[in-house]
Number of protein chains: 2
Amino acid sequence: MDRPEETGGGSGPTRGREATRARILASAKELFTNEGYGSVSSRMIASHAGVNVALINRYFGAKRGLLTEILREDGVFPGLIEGDPATLTRRLAEHAVSRLHGEGTALQRALDDSAGDPDLQAVYQGRITSAMIDPLEAYLGTDGARAHASLMAAVMLGLTRVRLVEGATALRALDRELLTDRLRVLLDLCLEDFGEPGAPEEPEGPRGTEGVGEG
Amino acid sequence: MDRPEETGGGSGPTRGREATRARILASAKELFTNEGYGSVSSRMIASHAGVNVALINRYFGAKRGLLTEILREDGVFPGLIEGDPATLTRRLAEHAVSRLHGEGTALQRALDDSAGDPDLQAVYQGRITSAMIDPLEAYLGTDGARAHASLMAAVMLGLTRVRLVEGATALRALDRELLTDRLRVLLDLCLEDFGEPGAPEEPEGPRGTEGVGEG
DNA sequence: TTTGACAGGTAAGCAGTGTTTACATGAGTC
DNA sequence: GACTCATGTAAACACTGCTTACCTGTCAAA
């Protein structure tokens, strides 16, 4: 029923459903940010929040539920997909470069580095589709938009991957504007029509096709 | 425990260092192929091989060592990077499309699906660099080759990622030749010179903004 | 005031995991 | 026979996420 005990001092109650939930959430966020996801255990979170382990599962179902809750507040590509269509790929490119350079919130960085964890995987699996590919598809609205959206997502995700796996030092050493622009062109290319099956493709970009071998 | 059947050759010893090592390795490979990596425990492998759990760690250091050993026999991109430079991107594109369609060995497919696991992550971390980016860099040999190689790796890895996370049904529904060629063009674009820092860029794609904000 | 329901909180335990330890065994050698 | 030593074994260790059975403080109805 109602919980009329909210009349505590300035810092709020330390017990009660909402207070406990909030403390767990705050502790989880802080620990994930500082230690990554995989290396933070339920018991660490509980201990940091001054709360029993079982409450994590009571209030969030599981450790993964905590992650979902934390990510729910935070859009994956906030404000990037909406906006002027003419600058979409530019904005995405800038975002990608920014993430490549380890910018963004500390939490984002930490979670990027934990991206291998099965839980993150599972949560991202839904979010990447629902917060990136789906909106891109709807945003483009064109025929076969989903394939284009998927390709763009591939480029974006691949960059994260390379950063995670190799460090991407060579890319980060590049002139930032040059890299951004190259990514923009890549993303633009993802958006171009695929053409007719069987028809020879007309190269549209500013590029000479060199590797036209048949395999 | 059960008396284990001899694996492979048919007449080898079932005990002794090499025989035991081989049995563990064969069991691991079979189980990983059928069940994925993460859901196969050390005890399952040991039990399947008719061997004590501790021997896995004795002979391979850890479960991860098993994976490393299994992958060591198998190049990530076997025979793709070597060959006619003119057809490199074409071959990589074909390979990517092939993997997108779930082709390749059963083990490759299984490991692709387990790609989230931290162990796979860690092992791939080394292998993607040493078996893909490094050779690509050396192969290209050009100035700033590593950045180009990294970009190409990003596209390749991103496709795997999208398949893992979203299924990539839209991409797989595309005409295969059209997709392959689009990927080839994308990869070619990864190889093109980045130009001079600060140099005015040539008019390429549809572009709109001058506002270069932080992402 | 007494009573009883119940949300909120807790200690302990479950079923796993990867990994390590201390010990047994069996073959080859001095 | 006694010694060495690689090989194999059983049992634990230190964790993990998660669940169970129980306690407790609050509050509304009797």
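In what follows, chains carry the letters A, B, and so on, assigned in the order in which the sequence lines appear, proteins first and then strands, with residues in each chain numbered from 1. Note that these values count all heavy atoms, side chains included, but never hydrogens, waters or copies made by symmetry. Since the model is a prediction, treat every value here as computed from it, not as a measurement.
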Residues touching DNA chain C, which here means a heavy atom under 4.0 Å, drawn from residues 29-37 of chain A: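 The stretch gives none, as no residue of it lies under 4.0 Å from the strand.
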In whole angstrom, what separates [X]'s [atom1] from [N]'s [atom2]?
| X | N | atom1 | atom2 | value |
| --- | --- | --- | --- | --- |
| B:F60 | C:dT19 | CZ | P | 13 Å |
| A:R58 | C:dA7 | CZ | C1' | 7 Å |
| A:L55 | D:dC23 | CG | C1' | 13 Å |
| B:R21 | D:dA6 | CZ | P | 17 Å |
| B:L67 | C:dT19 | CG | P | 12 Å |
| A:I24 | C:dT10 | CD1 | C1' | 13 Å |

Shortest non-hydrogen contact between A:I56 and A:A46, atoms and distance: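 What the structure gives for the nearest pair is CD1-N, 3.9 Å.
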Mind checking what makes side chain to side chain contact (heavy atoms under 4.5 Å, CB included) contact with [X], not counting sequence neighbours?
| X | answer |
| --- | --- |
| B:A93 | B:T180, B:L183, B:R184, B:L187 |
| A:A110 | none |
| B:A106 | B:T33, B:R109 |

Presence of A:T20 side-chain N/O under 4.0 Å of C:dG8 phosphate oxygens OP1/OP2: no
Donor-acceptor side-chain pairing of A:D188 and A:T89 below 3.5 angstrom: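 The criterion, which ignores hydrogens and geometry beyond distance, is satisfied for A:T89 and A:D188.
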Those residues that, when tested against B:R176, pass salt bridge (charged side-chain N to carboxylate O under 4.0 Å, His left out) (two or more places apart): B:E103
Base-contact (B) and sugar-phosphate-only (S) positions in nucleotides 24-29 of chain C, heavy-atom cut-off under 4.0 Å, - elsewhere: ------
Lys/Arg N to Asp/Glu carboxylate O, A:E94 vs A:R91, below 4.0 Å: no
Minimum-distance nucleotide (side-chain atoms of B:A54 versus D:dA10, D:dG8, C:dG8):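 Closest of the options to the side chain of B:A54: D:dA10.
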Residue pairs fulfilling side-chain hydrogen bond (donor to acceptor under 3.5 Å, both in side chains) with at least one residue in residues 54-63 of chain B, sequence neighbours excluded: none
Side-chain donor/acceptor of A:T87 to backbone N/O of A:R90, under 3.5 Å: no
Within 6.0 Å of CG in B:D143, more than 12 heavy atoms from elsewhere: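 It does not: B:D143 CG has 12 such atoms or fewer within range.
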Listed once per pair and sorted, the ring-ring contact (aromatic ring centres under 6.0 Å, His included) pairs that draw on residues 22-52 of chain A, sequence neighbours left out: A:F32-A:Y37
Polar-atom pairs under 3.5 Å, protein N or O versus N or O of nucleotides 16-18 of chain D: list them with distances, or write none.
from	atom 1	to	atom 2	distance (Å)
D:dT16	OP1	A:S41	OG	3.2
D:dG17	OP1	A:S42	N	3.4
D:dG17	OP1	A:K63	NZ	3.2
D:dG17	OP2	A:S42	N	2.9
D:dG17	N7	A:R43	NH1	2.9
D:dG17	O6	A:R43	NH2	3.1
D:dC18	OP2	A:K63	N	2.7
D:dC18	N4	A:R43	NH2	2.9

All pairs passing salt bridge (charged side-chain N to carboxylate O under 4.0 Å, His left out) where residues 159-170 of chain A contributes a residue, at least two apart: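 Non-adjacent pairs meeting salt bridge (charged side-chain N to carboxylate O under 4.0 Å, His left out): A:D113-A:R163, A:E166-B:R146.
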Contact list for residues 33-50 of chain B, test salt bridge (charged side-chain N to carboxylate O under 4.0 Å, His left out), sequence neighbours left out: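 Checked against salt bridge (charged side-chain N to carboxylate O under 4.0 Å, His left out) - neighbours excluded - no pair reaches residues 33-50 of chain B.
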Sugar-phosphate, base or nothing in reach of B:Y59, heavy atoms under 4.0 Å: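 Here B:Y59 touches the backbone only, sparing every base.
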End-to-end axis angle, where each axis spans five pairs of the helix from C:dT1-D:dA30 to C:dC30-D:dG1, to 10°: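 If I round to tens, the end axes sit 40° apart.
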